[in-house]
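Just so we're on the same page: letters track the sequence lines, and every chain starts at 1.
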Protein chains: 2
Amino acid sequence: MAIRDATYALIEEQGYDATTIEQIAERAEVSPSTVFRYFPTKEDIVITDEYDPVLLAELLRRPADEPWTDSLRHVLREAIGVGMEEEPEVTRLRSQLMVQIPAVRSRMVASMAATGRMLSAAVAERTGHDRDSLEVRVFTMSLVGGLAEISQYWAENGFRDELPDLVDRALDVIEHGLPTRKP
Amino acid sequence: MAIRDATYALIEEQGYDATTIEQIAERAEVSPSTVFRYFPTKEDIVITDEYDPVLLAELLRRPADEPWTDSLRHVLREAIGVGMEEEPEVTRLRSQLMVQIPAVRSRMVASMAATGRMLSAAVAERTGHDRDSLEVRVFTMSLVGGLAEISQYWAENGFRDELPDLVDRALDVIEHGLPTRKP
DNA sequence: TTGATTTTGACAGTTACTCTCATTTCATGG
DNA sequence: CCATGAAATGAGAGTAACTGTCAAAATCAA
């Protein structure tokens, strides 16, 4: 979409804060009204939720007898892989903005929380818990919190790690807790 | 502080969005400029970070040979207990605003993330990890994510649970994962 | 009391966002 | 090809959260 492209371009040129909606509208050759019609907030232009349904669909496609933590691992690796292959610069830019711009970060966390809610249903079914139980909700959100940190870590360290590896390490921590007594 | 009191009162009367900085300033008998001087954003008037140092101090006071998950449990229960005893209505209002107002929620999560960073040092030391390692960071943020959900759950269910119990259950999930095969 | 320093306020400006209403675009049936 | 209705777009006015600057006022020290 033109609005999104214009936004990415302008942010790379001038930075996030210096980029106004008016500029975005001008670059995309639409009116500011139209920008607001498609994206309720400025952060929404940067962030995308479009992976959510994909993620969920993938999860449901996994064999039912697979340990669900494994399912999750596969699905997350896949989702992240897709993002990186299709538009690596955008993926990086998003991570970077997450680190630098608090509003973007919180929009991202909110988005991931929504994803988490979706996952809750799947997780609840597999584990035999009630979807609205404290346990499932806490687990899901702790998952989301941990995963969000991956992006931060990645960006802060200059994107030098392979994202799938980070996902693996993060999931290990979330599944088994911190490995004890590491020298 | 007068500004904070005025804010709480106005929010209870009119709700969060309907309460403007101008009204707050008027009620607190200061100028809007002064409000902004003390609180960078509207959400900051509602949220407080003052428990952070207390929490950290408590944590350091625990015996060094205690399993650190136990230390965490004690400290969190204590911190929450204090908040509830000293100003229960405010604690409840904050939880409620966290559920209703996205901006407040994300400010809260950010605040808890900052607390998490502080805890990271303690956690890292006890477990022998590097404080900046992905493992510690993921663990800390997943802790924060899970704990933040407690507040949500509590408010959404009409504050009928005892907060310390919820903390216990949440920490169990975070420590041991979701209990498997619950009928 | 004077002088210095800190706190406060008045004010102007920016920008994200909302609402309303008119206009344009466009698909569809006659 | 034209008319009609629906959807997309735009113009414009308004609000409220901030930011920055500078002057006035309260506070404190000597």
Side-chain angles (χ1 to χ4, degrees), chain A residues 1-50 93-94 96-111 113-114, chain B residues 1-50 93-94 96-111 113-114:
Chain A
M1 164 165 266
I3 294 176
R4 193 163 259 159
D5 293 343
T7 306
Y8 288 141
L10 282 166
I11 288 179
E12 299 220 15
E13 290 171 20
Q14 322 171 335
Y16 183 86
D17 286 333
T19 301
T20 74
I21 300 282
E22 245 180 293
Q23 291 172 344
I24 292 170
E26 193 185 345
R27 176 79 62 104
E29 290 176 325
V30 293
S31 76
S33 311
T34 304
V35 176
F36 284 119
R37 189 163 295 115
Y38 283 92
F39 302 97
T41 72
K42 195 174 158 186
E43 304 94 72
D44 279 279
I45 311 180
V46 172
I47 299 297
T48 175
D49 298 336
E50 61 200 12
L93 180 57
R94 268 204 286 259
Q96 207 172 320
L97 291 176
M98 253 187 86
V99 175
Q100 288 165 358
I101 314 293
V104 174
R105 177 165 50 249
S106 60
R107 174 61 241 276
M108 191 66 169
V109 170
S111 158
Chain B
M1 164 166 265
I3 294 176
R4 193 163 260 157
D5 293 342
T7 306
Y8 287 142
L10 282 166
I11 288 179
E12 300 221 16
E13 290 170 21
Q14 325 171 334
Y16 183 86
D17 286 333
T19 301
T20 74
I21 300 282
E22 242 179 297
Q23 292 172 343
I24 292 169
E26 193 184 345
R27 177 78 62 104
E29 291 177 324
V30 292
S31 78
S33 310
T34 304
V35 176
F36 283 119
R37 189 162 296 115
Y38 283 93
F39 301 98
T41 73
K42 196 173 159 187
E43 304 95 72
D44 280 281
I45 312 182
V46 172
I47 299 296
T48 174
D49 298 336
E50 61 201 10
L93 180 58
R94 267 202 287 258
Q96 207 171 320
L97 291 176
M98 252 186 87
V99 175
Q100 288 165 359
I101 315 293
V104 173
R105 177 165 51 249
S106 62
R107 175 59 241 274
M108 191 68 169
V109 169
S111 158

What's the CD1-C1' distance between I45(A) and dA16(C), to the nearest Å?
-> 11 Å

Rounded to whole angstroms, how far apart are CZ on F36(A) and C1' on dA11(D)?
-> 14 Å

Are side-chain N/O atoms of R4(A) and Y38(A) paired as donor and acceptor at under 3.5 Å?
-> no

Under 4.0 Å protein heavy-atom contact, by nucleotide of nucleotides 5-10 of chain D - B base, S sugar-phosphate only | ----BB

Rounded interatomic separation in angstrom, taking CG from L10(A) and P from dT15(C) = 14 Å

Taking CD from E22(A) and P from dA16(C), how many angstroms apart are they, rounded to a whole number?
-> 9 Å

Hey, mind stepping through R27(B) and E13(B) against salt bridge (Lys or Arg N to Asp or Glu O under 4.0 Å) and telling me if it holds?
-> CA-CA 13 Å; R27(B) 177 78 62 104; E13(B) 290 170 21; 3.1 Å; yes

Report the distance from atom CG of D17(A) to atom P of dT19(D), rounded to the nearest whole Å.
-> 10 Å

Could you give the NZ-to-C1' distance, from K42(B) to dC17(C), as a whole number of Å?
-> 13 Å

Near Q14(B) CD, under 6.0 Å, is it more than 12 heavy atoms from other residues, nucleotides or ligands?
-> yes

Atom of V46(A), atom of Y8(A) and distance for their closest heavy-atom approach = O-OH, 2.8 Å

Think K42(B) forms a cation-pi with Y16(B), using NZ or CZ under 6.0 Å from the six-ring centre and within 45 degrees of its axis?
-> yes

Whole-Å gap separating C1' (dC18(D)) and CD1 (I21(B)) | 9 Å

Between S106(B) and S106(A), what is the shortest heavy-atom contact and its length?
-> CB-CB, 3.1 Å

